[in-house]
Amino acid sequence: MTDPMDRIAAALERLSPPPPPATDLLAHTAYVWRGGGLVPARAFAPLPLDRLIGIDRQKAALVANLDRLAKRHAAQDVLLWGARGTGKSAVVKSAVAAIQATGGNLALIEVSDLARLPDLFAAVTSIDRAFALFIDDLGFEVPAEARALRSVLEGGAEPRPANARLLVTANRRHLAPRDIAEQESAINPRDSADDHMALADRFGLSLGFHALDQEGYLAIVASYAAAHGLAYEPEEAIGWSTRRGSRSGRVAWQYVTDLAGRAGRAL
């Protein structure tokens, strides 16, 4: 007679879904690291690099670094910092796509779970492909989190895989907030400042993105509008940015989106 516990165990096995198949890390252009697993990114279609106006120096430096990574040459971790809406995230995705378009064996992995970065390193280390690990809009309020990422960047007992490098965007140049009161109360104020800057110092390539002037903003509007066959008035575009209190590529795109909507067009 079959043991009741065996019958229960067999029934539970039939009810439980099989584990999902492992994601093929050679098959897709971009992935998302989520819940300790990798899944293909949906509809990875970045803007062409030439559509990103006014950041030629940053584009060239990033593409050159990613090209070295794709070829398994020495490459740097990259910090892209500066004003919001100035193209930091867009240029990361566009630069990866540009390398892929020329045959580079490189994929993007968007990372939101920093605590499990060592697990991600382990997942990609034996794959015959290079990976740009993209951490978007990074900022730390808890010093312990910054120190944990510093440790990952520096490398512990297990070195980071040579086929993976971090691409991090942030509004702050030094990532962690610097509190004046903290510096005033420290025994040595320089120690407090150095602790905040230590994480940013781990990135071998640091690229700054700055607020646009009016001419630069209108150049971006013109580029977007021309790409989608839309007519626009410069005065109206300026008024749009004034009402939002910012001139940036993001604001320019929002204006062009409004133009398209009013014209009954999809983008």
Side-chain angles (χ1 to χ4, degrees), residues 45-67 76-99 101 108 132 134-140 166-178 180 196-197 199-201 203-263 265-267:
L47 289 172
L49 266 179
D50 60 6
R51 195 77 56 77
L52 303 178
I53 306 297
I55 51 172
D56 291 344
R57 179 185 62 82
Q58 295 91 329
K59 289 191 295 187
L62 183 58
V63 168
N65 190 66
L66 290 176
D67 183 58
Q76 304 281 7
D77 295 302
V78 186
L79 174 63
L80 303 93
W81 60 271
R84 67 187 189 277
T86 49
K88 302 183 293 296
S89 301
V91 76
V92 167
K93 292 175 281 190
S94 295
V96 169
I99 297 297
L108 182 78
F134 177 39
I135 303 174
D136 194 23
D137 197 20
L138 183 65
F140 294 106
L166 297 183
L167 279 65
V168 174
T169 70
N171 291 334
R172 300 186 183 104
R173 183 173 188 174
H174 299 302
L175 296 176
R178 299 181 62 183
I180 297 299
H196 284 303
M197 291 187 288
L199 176 56
D201 287 346
F203 294 88
L205 179 59
S206 179
L207 301 174
F209 291 71
H210 307 288
L212 292 169
D213 59 16
Q214 184 167 290
E215 181 181 357
Y217 166 73
L218 288 175
I220 295 174
V221 170
S223 174
Y224 284 151
H228 295 283
L230 294 166
Y232 76 99
E233 294 293 334
E235 294 79 8
E236 184 184 54
I238 293 169
W240 181 276
S241 67
T242 301
R243 289 190 297 273
R244 278 147 188 80
S246 174
R247 289 190 295 258
S248 69
R250 180 180 298 152
V251 170
W253 177 249
Q254 291 167 348
Y255 170 66
V256 171
T257 299
D258 189 71
L259 279 179
R262 282 185 275 149
R265 299 268 303 279
L267 293 177

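Quick caveat, the model's predicted, so the values are computed rather than measured.
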Student: Let me confirm one number: the CG-CD1 distance from Leu108 to Ile99, rounded to the nearest 0.5 Å.
Tutor: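 One gets 12.5 Å once the value is rounded to the nearest 0.5 Å.
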
Student: Flag the pair Val92 / Asp136 as yes when at least one side-chain heavy-atom distance between them is below 4.5 Å, and no otherwise.
Tutor: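 No - every pair of side-chain heavy atoms lies 4.5 Å or more apart.
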
Student: Write out all pairs satisfying side-chain hydrogen bond (donor to acceptor under 3.5 Å, both in side chains) with one or both partners inside residues 211-226, taking only residues at least two apart or from two chains.
Tutor: none

Student: Can you check whether Leu259 reaches Glu236 side chain to side chain, under 4.5 Å on heavy atoms?
Tutor: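 When only atoms from C-beta onward are counted, Glu236 and Leu259 do touch, with a gap below 4.5 Å.
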
Student: For Arg84, enumerate each residue passing the side chain to side chain contact (heavy atoms under 4.5 Å, CB included) test, keeping only those at least two apart in sequence or located in another chain.
Tutor: Asn171, Ser246, Arg250

Student: Per the salt bridge (Lys or Arg N to Asp or Glu O under 4.0 Å) rule, what does the pair list look like for residues 48-58, sequence neighbours excluded?
Tutor: Asp56-Lys59

Student: Please confirm whether the backbone N or O of Asp137 pairs with a side-chain atom of Thr169, one donor and one acceptor, at under 3.5 Å?
Tutor: yes

Student: Taking the side chain as every heavy atom from C-beta outward, state whether Leu267 and Trp253 have any pair of such atoms under 4.5 Å apart.
Tutor: yes

Student: Looking only at heavy atoms, which two atoms of Val96 and Ala132 are closest? And how far apart?
Tutor: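 The pair with the smallest heavy-atom distance is CG2-CB, 4.2 Å.
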
Student: Just so I know, are the side chains of Ser206 and Trp81 near enough to count as touching, which here means a heavy-atom distance under 4.5 Å?
Tutor: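 Yes - at least one pair of side-chain heavy atoms lies under 4.5 Å apart.
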
Student: Rounded at 0.5 Å granularity, tell me how far CG in Leu79 sits from CG in Leu207.
Tutor: 8.0 Å

Student: If we ignore hydrogens and angles and just use 3.5 Å, is the side chain of Lys93 paired with the main-chain N or O of Ala45 as donor and acceptor?
Tutor: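 No, Lys93 side chain to Ala45 backbone: no donor-acceptor pair under 3.5 Å.
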
Student: With a 4.5 Å limit on heavy-atom distance, are the side chains of Arg244 and Tyr255 in contact?
Tutor: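 Side-chain contact under 4.5 Å: no.
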
Student: I need the minimum non-hydrogen distance between Ala237 and Leu218, along with the two atoms involved.
Tutor: CB-CD2, 3.9 Å

Student: Judged by atom type as modelled, is there a donor-acceptor pair below 3.5 Å linking the side chain of Arg265 to the main-chain atoms of Leu230?
Tutor: no

Student: Looking at Ala97 and Pro46, what are the two nearest heavy atoms and their distance?
Tutor: CB-CG, 3.9 Å

Student: Please report the interatomic distance CG(Leu205) to CZ(Phe203), rounded to the nearest 0.5 Å.
Tutor: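 Here the interatomic distance stands at 10.5 Å.
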
Student: Identify the two heavy atoms, one from Ile220 and one from Ala252, that lie closest to each other, and give their separation to 0.1 Å.
Tutor: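 Scanning both residues completely, I find the closest heavy atoms to be CG2-CB, 3.6 Å.
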
Student: Over all heavy atoms of both residues, which pair between Ala222 and Tyr232 is shortest? Give the atoms and the distance, please.
Tutor: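 Of all heavy-atom pairs spanning Ala222 and Tyr232, the closest is CB-OH, 3.4 Å.
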
Student: When you compare the side chain of Val91 with that of Leu49, does any pair of heavy atoms fall below 4.5 Å?
Tutor: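 Touching, per the 4.5 Å side-chain cut-off.
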
Student: Rounded to the nearest 0.5 Å, how far does CG of Leu166 lie from CD1 of Ile135?
Tutor: 5.0 Å

Student: If you define the side chain from C-beta out and look only at heavy atoms, does anything of Leu212 sit under 4.5 Å from Val251?
Tutor: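 The answer is no, as the side chains (C-beta and beyond) never meet within the 4.5 Å cut-off.
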
Student: Which heavy atom of Leu47 sits nearest to which heavy atom of Ser94, and what is that distance?
Tutor: O-OG, 2.6 Å

